[in-house]
Number of protein chains: 2
Amino acid sequence: MSRPGESAQQRDTPVLTERGGVRKAAILEAALRVIGDKGLAGLSMRAIAAEAGLPLGALGYYFKTKDDLILEAFELHTRREADRVLAAFAGVENGDHADDIAEHLTAFIHHGLTEARTSLVAEYEFLIESTRRPDLARVSRAWRQALQIQVSHVASRLGSDDPETDSEIILSVIAGLEIDHLSTPLDPSTTQAIRTALRRTITRLGLRGNAARL
Amino acid sequence: MSRPGESAQQRDTPVLTERGGVRKAAILEAALRVIGDKGLAGLSMRAIAAEAGLPLGALGYYFKTKDDLILEAFELHTRREADRVLAAFAGVENGDHADDIAEHLTAFIHHGLTEARTSLVAEYEFLIESTRRPDLARVSRAWRQALQIQVSHVASRLGSDDPETDSEIILSVIAGLEIDHLSTPLDPSTTQAIRTALRRTITRLGLRGNAARL
DNA sequence: ATATAAGTTGTACGTTCGTTCCAGTTCCAG
DNA sequence: CTGGAACTGGAACGAACGTACAACTTATAT
């Protein structure tokens, strides 16, 4: 008997679709859901197993400890979310007006606060836990840095004269709007307030789609 | 035998300095510290008792359940923190330049990320938990609303032509900057980046201390 | 076919958890 | 002084926890 992590089938980019890999992926997905709606405080191996529809014993086979499982779940989340964020900003590059840009970001936040709410809550659970776990902190930092680099490129294309600062401001505003509206049900007037805040931010930063380079 | 919550000595504004009240306050303080450095996941009645230097049995006397304790700790935190935030913005009102305003906010964030880090982490623990507990969510909303009202008054005095939106932007930027730098040790260059972002935000929003009313 | 490895599952271990209880102590009104 | 109320603290409860393990089945390779 051996464990997957010790076996020769381990790769640089783990393939999660081979024999036992589907199960491993299902466990991580289940963990992300549990973290999202019960929090890390409510996360137990038994709760994950129940959510995944698997026996408790299965978890010990794929993950040495609960902490390992949490780390891998966070890595999975950042991999997936990075794509989503970049997609949101990619749609922005050819927009013509500041309002178009703001609209993309509004839709992004709106999605996070409604359909993807569980995932968003899980994300902030991880970020807070990162203050206590160096391994999670490394993932947080790498993710945040990747986001900022990409967003600053976008800001540069949109005519920013200080892309680094503007990307920091934009990412901060997004995070702040998300946090501030997580405890509240998202009604239309709230969405409108978010839109207004984003429009004003983008406009005042002087970002526009068809910007000539400075 | 009776419990304080059932007794006639209960008041609208609980006095925490009477006979057993000192202990109750000590328990809440201990809970805030434990939440800050072990998280809600690491919060146990025994950990609180140990942190407060009290026997486990004492907790059951002052708080019916752990959830009650958490709620009261959150209320204590918001009461205390509201004062601190308003003080930070109060020092801003008579400033002359956008840079002065930004400097106040930078100092505020810097303090939260260094000396008051434990308290800041606890705050975000509460905010995330608010997504799952309606009683905590009420506290979050009330607190957030109080902050926004006060900050929008300040923004108005600083010449904002849309104080509500500007206060939402400012509070979001602050929250975002805090969150984004919680997983990272706060070195001087990071502080400088925060200062730069705040300066640009304030400047671009057109806020200045000696503003004439529009 | 047979052996070896991979995957699977139910059970059980020792700990820690929130909460309850009660005998004992301190306080204050009468 | 005396009674009852407020307060104290240690012990104990059942429940839930993370993890380890051994018996078992399935797949793969020679």
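Residue numbers begin at 1 in each chain, while the letters A, B, ... track the order of the sequences.
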Quickly work out the B:M45 CE to D:dA12 P distance and round it to whole Å. 20 Å
What is the distance, to the nearest angstrom, from the NZ atom on B:K24 to the C1' atom on D:dC7? 14 Å
B:I27 has an atom CD1; how far is it from atom P of C:dG18, in whole Å? 14 Å
Assess whether a salt bridge exists between B:E75 and B:R80, defined as any Lys/Arg side-chain N lying under 4.0 Å from an Asp/Glu carboxylate O. no
How many Å lie between CZ on B:F63 and P on C:dT20, as a whole number? 15 Å
Quiz question: by atom type and distance under 3.5 Å, do the side chains of B:S152 and B:E164 form a donor-acceptor pair? no
Distance below 4.0 Å between B:R23 side-chain N/O and D:dC7 OP1 or OP2: no
B:R46 vs C:dT16: side-chain N/O to OP1/OP2 distance below 4.0 Å: no
Expressed as a whole number of angstroms, how long is the span from A:L54:CG to C:dG10:C1'? 14 Å
Nucleotide C:dC17, atom P - distance to CD1 of B:I48 in whole Å: 11 Å
Would you say B:Y61 places a side-chain N or O within less than 4.0 Å of OP1 or OP2 belonging to C:dC21? no
Less than 4.0 angstrom between a side-chain N/O of A:S44 and OP1 or OP2 of D:dA16, yes or no? no
Base, sugar-phosphate, or nothing: which does B:L56 touch, judged by heavy atoms less than 4.0 Å apart? base
Separation of atom NZ in A:K66 from atom P in D:dA16, rounded to whole Å: 15 Å
Can you see if the side chain of B:Y62 gets near the phosphate of D:dT8 - specifically, an N or O under 4.0 Å from OP1 or OP2? yes
Between the side chains of B:Q148 and B:R144, does any donor sit under 3.5 Å from an acceptor? yes
If you measure from the Lys or Arg side-chain nitrogens to the Asp or Glu carboxylate oxygens, is any gap between A:D67 and A:R133 under 4.0 Å? yes
Under 4.0 Å, heavy atoms only, any strand: does B:L43 hit a base, just the sugar-phosphate, or nothing? sugar-phosphate
Just so I know, are the side chains of B:L120 and B:E178 near enough to count as touching, which here means a heavy-atom distance under 4.5 Å? yes
Could you give the CG-to-P distance, from A:L59 to C:dT8, as a whole number of Å? 12 Å
